[in-house]
A.B. asks: 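Take this structure first; my questions come after.
We name chains A, B, ... by the order of the sequence lines, and we start the count at 1 in each one.
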Number of protein chains: 2
Amino acid sequence: MPVARRLEDVALELFATQGFDETTVDELAVAGGVGRRTFFRYFPTKLDVVLGELDDGLAALAAVLRDEPGDDPVVAARAAFLAVNHYADAELPALRRRLGLIEDVPELAARATVRYRDWEQTLATDAAGRWGTDPASLRAQVFGRAVVASMRAVFSAWHGRPEADAAALGALVEEAFDALARGFSSP
Amino acid sequence: MPVARRLEDVALELFATQGFDETTVDELAVAGGVGRRTFFRYFPTKLDVVLGELDDGLAALAAVLRDEPGDDPVVAARAAFLAVNHYADAELPALRRRLGLIEDVPELAARATVRYRDWEQTLATDAAGRWGTDPASLRAQVFGRAVVASMRAVFSAWHGRPEADAAALGALVEEAFDALARGFSSP
DNA sequence: CGCTAAGCGGCACTCGGTGCCACCACCAGA
DNA sequence: TCTGGTGGTGGCACCGAGTGCCGCTTAGCG
């Protein structure tokens with residue numbers, strides 16, 4: 001098992017049992033069998049042990065979005081999110097642990113939203129392309145940010161339902177995009 | 001001038017000239033004429049010097065929202081945001097400085113979004129009340145988060161237009177809420 | 001076998017943030 | 001006037017995250 005992977009495992013384990021703030025980088029390094037200095041070579045900050053995978057998701061999203069046809073950004077974004085968030089059952093427990101940490105540790109939630117900025121801009125640019133408008137236009141920006149915010153709501157809701165499976169996640173994504181498509185003034 | 005106010009002033013000044021990360025708390029304390037320890041009595045973190053006022057805004061929002069009649073949450077939220085974000089011309093330069101910092105210092109952007117969580121829940125609860133549904137329902141949660149995300153887009157857009165005044169801010173708020181009300185699938 | 005290059009990790013340092021405690025001013029009451 | 005709180009202050013020591021530097025080991029290669 002590669003060093004980074006092992007560090008990630010022991011870190012999530014320690015965070016789950018002791019808490020994030022109560023676990024020092026020294027402990028993580030010792031538990032992972034490396035020096036403290038080496039830990040920081042694999043992860044720029046302690047936060048990144050938890051958030052590491054988000055960037056891969058962005059790359060995947062951008063790729064799917066690029067190949068998605070049609071001129072309705074909502075349809076395209078929905079398809080992209082359904083494709084990207086297709087988890088195998090075996091991955092769900094780890095996903096739950098990560099989401100739990102991101103929910104309860106404010107510092108992690110904060111850092112996560114910084115990562116989401118790129119998602120927002122990717123979505124805004126895609127929408128602008130389909131609408132034939134400027135990516136910097138307010139409508140495109142509102143779209144990008146609202147979509148990401150909705151996905152946060154989806155993950156939060158999914159995490160709040162302990163028995164929800166991968167299919168339930170998809171259903172929530174559908175529901176969220178329906179709301180975005182129809183707007184909030186219609187009943 | 002009270003100590004907190006003075007610290008805030010010199011801090012924003014130093015941040016603007018030297019940069020946020022390049023300014024240490026020691027410098028802020030010296031510039032404000034207090035000890036480092038005293039600085040932390042007025043502001044729990046360095047970030048809070050910039051973000052301090054957000055909490056007042058939340059209280060104001062909640063108050064306006066509570067008194068707002070009608071059963072359309074979009075209408076109520078729009079009215080509330082227009083009321084809360086009514087700035088005098090003299091306040092605009094300070095607002096711009098703050099927004100600029102929040103925009104380009106990732107750590108500040110991150111911390112700001114944590115504050116926004118309360119706004120999101122306030123809006124979700126209000127919407128659920130008007131709809132007669134559960135505040136934890138996905139639709140209410142998506143609404144609350146989408147609204148806050150849209151307001152971030154509004155402030156970002158306003159900050160990006162150097163000549164925009166207070167009226168322009170109101171117009172952007174209107175435009176963003178129109179998008180949310182009508183949804184993103186309609187042209 | 002010797003050389004080099006890359007990963008590793010110890011060490012010392014900076015900075016944000018906290019707990020503790022001494023100091024000072026101000027104000028009460030005797 | 002003296003005395004005894006009391007709240008604001010800030011020095012001091014400490015912790016943990018993160019960084020630069022540098023010496024060490026080890027693997028690969030001529």
A.B. asks: Within a 6.0 Å radius of atom CG on A/D165, are there more than 12 heavy atoms belonging to other residues, nucleotides or ligands?
C.D. replies: yes

A.B. asks: Could you tell me which residues satisfy side chain to side chain contact (heavy atoms under 4.5 Å, CB included) with A/D118, sequence neighbours excluded, listed by chain and number?
C.D. replies: A/L58

A.B. asks: Mind checking salt bridge (Lys or Arg N to Asp or Glu O under 4.0 Å) for B/D21 and listing every partner two or more places apart, or none if nothing turns up?
C.D. replies: none

A.B. asks: Short of 4.0 Å, heavy atom to strand atom, which residues of residues 21-28 of chain B count as contacting DNA chain C?
C.D. replies: B/T23, B/T24, B/V25

A.B. asks: Applying salt bridge (Lys or Arg N to Asp or Glu O under 4.0 Å), can you list everything that pairs with A/R152, at least two apart in sequence or on another chain?
C.D. replies: B/E120

A.B. asks: Could you pull out all donor-acceptor pairs under 3.5 Å where a side-chain atom in residues 7-20 of chain A meets a protein atom, sequence neighbours excluded?
C.D. replies:
residue : atom : partner : partner atom : Å
A/E8    : OE2  : A/R98   : NH2          : 2.7
A/D9    : OD1  : A/R5    : NH1          : 2.9
A/E13   : OE1  : A/R97   : NH1          : 3.2
A/T17   : OG1  : A/E13   : O            : 3.2
A/T17   : OG1  : A/L14   : O            : 3.2
A/Q18   : OE1  : A/T23   : OG1          : 3.1
A/Q18   : NE2  : A/E27   : OE1          : 3.4

A.B. asks: Please name all residues satisfying salt bridge (Lys or Arg N to Asp or Glu O under 4.0 Å) with A/D48, sequence neighbours left out, ordered by chain then number.
C.D. replies: A/R115

A.B. asks: Report the distance from atom CZ of B/F40 to atom C1' of D/dC14, rounded to the nearest whole Å.
C.D. replies: 14 Å

A.B. asks: Which residues pass the side chain to side chain donor-acceptor pair (under 3.5 Å) test with B/E68, sequence neighbours left out?
C.D. replies: none

A.B. asks: Test of understanding: with salt bridge (Lys or Arg N to Asp or Glu O under 4.0 Å), list the residues that count as partners of B/D104, not counting sequence neighbours.
C.D. replies: none

A.B. asks: I need the CD-C1' distance between A/E107 and D/dG18, as an integer number of Å.
C.D. replies: 13 Å

A.B. asks: Can you build the contact string for nucleotides 5-10 of chain D? Use B for base contact, S for sugar-phosphate-only contact, and - for no protein heavy atom under 4.0 Å.
C.D. replies: ----BB

A.B. asks: Could you provide the dot-bracket string of DNA chain C, using ( ) for intrastrand pairs, [ ] for crossing pairs and | for bases paired to another strand, with Watson-Crick or G-U pairs below 3.5 Å?
C.D. replies: ||||||||||||||||||||||||||||||

A.B. asks: Whole angstroms only, please: what is the CZ-C1' distance between A/F15 and D/dG16?
C.D. replies: 13 Å

A.B. asks: Please tabulate, one pair per line, all N/O donor-acceptor pairs under 3.5 Å involving side-chain atoms of residues 32-39 of chain A, not counting sequence neighbours.
C.D. replies:
none

A.B. asks: Check side chain to side chain donor-acceptor pair (under 3.5 Å) between A/E107 and all other residues, then give those that pass, not counting sequence neighbours.
C.D. replies: none

